Amino acid sequence: DNLVQVAHNVQLGPGCLLAGQVGIAGSTRVGAGVVMGGQVGVADHLEIGDGAVLYAKTGVIGDVEAQARLVGYPPLPHGEALRVWALMRRLPELVRRLEALERRLSASPREAGP
């Protein structure tokens, strides 16, 4: 794609697909068949394993295992990221419930210890 930046000494394996605005820093090795969605950024001196998929806007700061499916920053496995995003929508409600429980516990008389 266009606007892809591949820095010095980067090694790209065969069959890689790099979407627009991908940036790969120097001396990184990218395995065969790796897919990088738009705006993926890869730090320098890393190894991206064969067949890895890095979803759009993923920021890679460490080595990636072969066949990994990562998304976000810091990168998480795709399934875990979906669960985190689903829970984030409930976070305000969960914080309110936790605060209410803490108030109830602090208001109730505590049992005397031994």
Side-chain angles (χ1 to χ4, degrees):
D1 206 343
N2 65 340
L3 300 174
V4 171
Q5 175 66 46
V6 178
H8 66 282
N9 206 34
V10 169
Q11 297 175 10
L12 290 174
C16 291
L17 188 142
L18 308 178
Q21 296 184 339
V22 163
I24 305 172
S27 299
T28 294
R29 293 185 352 172
V30 179
V34 170
V35 176
M36 294 185 191
Q39 296 183 340
V40 166
V42 181
D44 59 332
H45 296 87
L46 298 181
E47 192 136 348
I48 310 298
D50 293 344
V53 175
L54 305 173
Y55 291 80
K57 296 187 178 183
T58 296
V60 181
I61 55 175
D63 291 340
V64 174
E65 294 181 16
Q67 306 303 319
R69 304 288 188 263
L70 300 179
V71 62
Y73 182 82
L76 295 173
H78 184 252
E80 183 179 343
L82 292 177
R83 288 189 296 277
V84 167
W85 293 339
L87 287 171
M88 280 182 13
R89 293 178 55 104
R90 294 185 52 214
L91 199 53
E93 169 204 345
L94 293 173
V95 168
R96 282 192 298 276
R97 289 174 56 191
L98 178 60
E99 289 170 343
L101 285 170
E102 288 174 334
R103 282 192 300 274
R104 284 178 45 198
L105 286 173
S106 65
S108 65
R110 297 187 181 199
E111 295 183 27

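Sequential numbering from 1 along the given sequence is applied to the chain's residues. Values in this document were obtained by computation on a predicted structure and should not be read as measured data.
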Please report the shortest heavy-atom distance between [X] and [Y], naming the atom on each side.
X	Y	result
L76	V84	CD1-CG2, 4.3 Å
C16	V30	SG-CG1, 3.8 Å
G38	A19	N-CB, 3.4 Å
T58	V71	OG1-CA, 3.2 Å
G26	A7	N-CB, 3.4 Å
A68	V64	CB-CG1, 3.7 Å

Any heavy-atom pair between the side chains of [Y] and [X] that's under 4.5 Å?
X	Y	value
I24	L18	yes
V60	L70	no
V42	M36	yes
S27	N9	yes

Between [X] and [Y], is there a shared hydrophobic cluster once you connect ILVMFWY residues whose side-chain heavy atoms come closer than 4.5 Å?
X	Y	value
V53	V22	no
V10	V4	yes
V40	Y55	no
L82	L54	no
Y73	M88	no

If I take atom [atom1] from residue [X] and atom [atom2] from residue [Y], how far apart are they, to the nearest 0.5 angstrom?
X	Y	atom1	atom2	answer
Q39	Q21	CD	CD	4.5 Å
E47	T28	CD	OG1	9.5 Å
L17	L12	CG	CG	11.5 Å
L87	R83	CG	CZ	9.0 Å

Open item on the list: If the condition is side-chain contact (heavy atoms from CB on, under 4.5 Å), which residues does R97 pass it with, not counting sequence neighbours?
Closed with: R90, E93, L94
- [ ] Identify, with sequence neighbours excluded, every residue that meets salt bridge (charged side-chain N to carboxylate O under 4.0 Å, His left out) alongside R104.
- [x]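 Salt bridge (charged side-chain N to carboxylate O under 4.0 Å, His left out) check on R104 returns nothing, list empty.
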Open item on the list: Around atom CZ of R69, are there more than 12 heavy atoms from other residues, nucleotides or ligands closer than 6.0 Å?
Closed with: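 Yes, CZ of R69 has more than 12 neighbouring heavy atoms, counting only those of other groups under 6.0 Å.
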TODO: Would you indicate whether E65, at its atom CD, is surrounded by more than 12 heavy atoms from other residues, nucleotides or ligands within a distance under 6.0 Å?
DONE: no
Task: Side-chain donor or acceptor of D50 paired with backbone N/O of A32 under 3.5 Å - done: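 Yes, because the side chain of D50 sits within donor-acceptor range (under 3.5 Å) of the backbone of A32.
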